[in-house]
2 protein chains.
Amino acid sequence: MDQDLQRTVNAYRRLATMFNRAKTHERLTEAAGVRLDRPDVQILVTLLDAGEPRRIGMIAESLQVESPHVTRHVASLERRGLVQRVRDPDDGRAWRIALTEEGAEAAVSCRRVTTEWFEGALTGWSPADQAELARLLDKLAEDMFEHLKPQLDRTSSAK
Amino acid sequence: MDQDLQRTVNAYRRLATMFNRAKTHERLTEAAGVRLDRPDVQILVTLLDAGEPRRIGMIAESLQVESPHVTRHVASLERRGLVQRVRDPDDGRAWRIALTEEGAEAAVSCRRVTTEWFEGALTGWSPADQAELARLLDKLAEDMFEHLKPQLDRTSSAK
DNA sequence: TATTGTTATACTCTATAACTATA
DNA sequence: TATAGTTATAGAGTATAACAATA
């Protein structure tokens, strides 16, 4: 069959297996010096990447989970002072979730640890290969999203 | 900072988010024509990739989960006739888990769907880029494993 | 005594359904 | 009436602890 294709799929699977481990998440939070569960980290990093306050629904869409899940974790993060909620001035039903200073610090730490893991793995790679990886993985994510999109839409609209 | 590095990390995160969705798994099993939960699929495909019967412990290690988890799912797969257990001739404590014909068919279907998704996303890519992606992703998986390994060992031995 | 696996249990993650409030 | 979010509940996924059996 297609050798390259099979190699790509297998490589992806191996990466996913490594990163999905509970132990890996423990390692991440330990290195980052935070006590956060996985959804907490995802939410904080999403807000950090966005660079501005986000609504619950937008966060859920980014993470591709249902909104009650986000509601619960945001409530917990709020109690711990890592995010704060502000009424959306344009829509009284909606809130914006904003990182507090402490929340932003935690998010930065977590994001940095992940980045450092990749950096560590890529040590010794030629700059050309590093650039190629970035280009191709970015393209793959983009094209995979487009390819899977019709399916995603179909399941959503089937609700 | 390092533009390429950040792009790589973000692209990986987007891919992981897509594939971790429950809906994506539903789509996979529907397309494959099987009724299997996620761990079931992982176990069957692992056995298929291995090409020969495997012990519970080896499966757990491949998937990087704890063995009771594998025990439970293998028991269920066995009841459904997708795998069968054979005493390991070399070690009376151990079993080998083998795919039945039906189990192998299910595994092939599931693996094919995933492969087709990648194939679909890569449609329109030049053969050179496809080969480069395979080479670089494979190398990334390998190097990431080596990089994270000391940490993995540390947590394992800390048991 | 060390290793392989199982049973029992509990926790984490996430979905669905029913509801509230604002538009 | 449609939309944004919450509350309540349940189910999947996986870990830990205690145990059994064989080496």
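Residue numbers begin at 1 in each chain, while the letters A, B, ... track the order of the sequences. Every value quoted in this text rests on a predicted model; they were computed, and no experiment measured them.
With respect to the salt-bridge test (charged N to carboxylate O, under 4.0 angstrom), the residues B/Arg14 and A/Glu142 qualify. Here B/Arg54 pairs with B/Glu52 in a salt bridge; the nearest charged N to carboxylate O distance falls below 4.0 Å.
Listed nucleotides: D/dT16, C/dT6, D/dG13. Nearest to the side chain of B/Trp95: C/dT6. In this structure, of D/dT14, C/dT4, C/dT16, it is C/dT4 that holds the atom nearest to the side chain of B/Arg55. With distances taken from any side-chain atom of B/Asp37 to the nucleotides C/dT14, D/dT7, D/dG13, the minimum falls on D/dG13.
Rounding to whole angstrom units, CD of residue B/Glu66 and P of D/dT16 are separated by 5 Å. The CD atom of B/Gln42 sits 6 Å away from the P atom of D/dT14 (whole-angstrom rounding). Computed from coordinates, the A/Leu36 CG to C/dC13 C1' distance equals 15 Å when rounded to whole Å. Distance CG (B/Leu63) to P (D/dA12): 19 Å, rounded to an integer number of Å. A/His69 places its NE2 atom 18 Å from the P atom of D/dG11, with the value rounded to the nearest Å. Summarising the geometry, the separation between CG on B/Asp40 and C1' on D/dT14 is reported as 14 Å, rounded to the nearest angstrom. Computed from coordinates, the B/Arg96 CZ to C/dT4 C1' distance equals 13 Å when rounded to whole Å. In this structure, A/Arg87 atom CZ and D/dA4 atom P are separated by 13 Å, rounded to whole Å.
Side-chain N/O atoms of B/Arg72 and base N/O atoms of C/dT6 include no donor-acceptor pair closer than 3.5 Å.
With a 6.0 Å cutoff to the six-membered ring centre and a 45° limit on the axis angle, B/Arg55 does not count as a cation-pi contact of B/Trp95.
Counting any heavy atom pair closer than 4.0 Å across all strands shown, A/Pro68 reaches a base atom. Within 4.0 Å (heavy atoms only), B/Arg85 reaches sugar-phosphate atoms of the nucleic acid but no base atom.
The aromatic rings of B/Tyr12 and A/Phe19 lie tilted to each other, with the angle between the two planes from 30° to 60°.
Annotation: of the two residues near DNA chain C, A/Arg38 and A/Ser67, the 5′-most nearest-nucleotide partner is A/Arg38. The 5' end of DNA chain D is approached more closely, in terms of each residue's nearest nucleotide, by A/Thr71 than by the other of A/Thr71 and A/Asn20.
Between B/Leu36 and B/Cys110, the shortest heavy-atom contact is CD1-SG, 4.4 Å.
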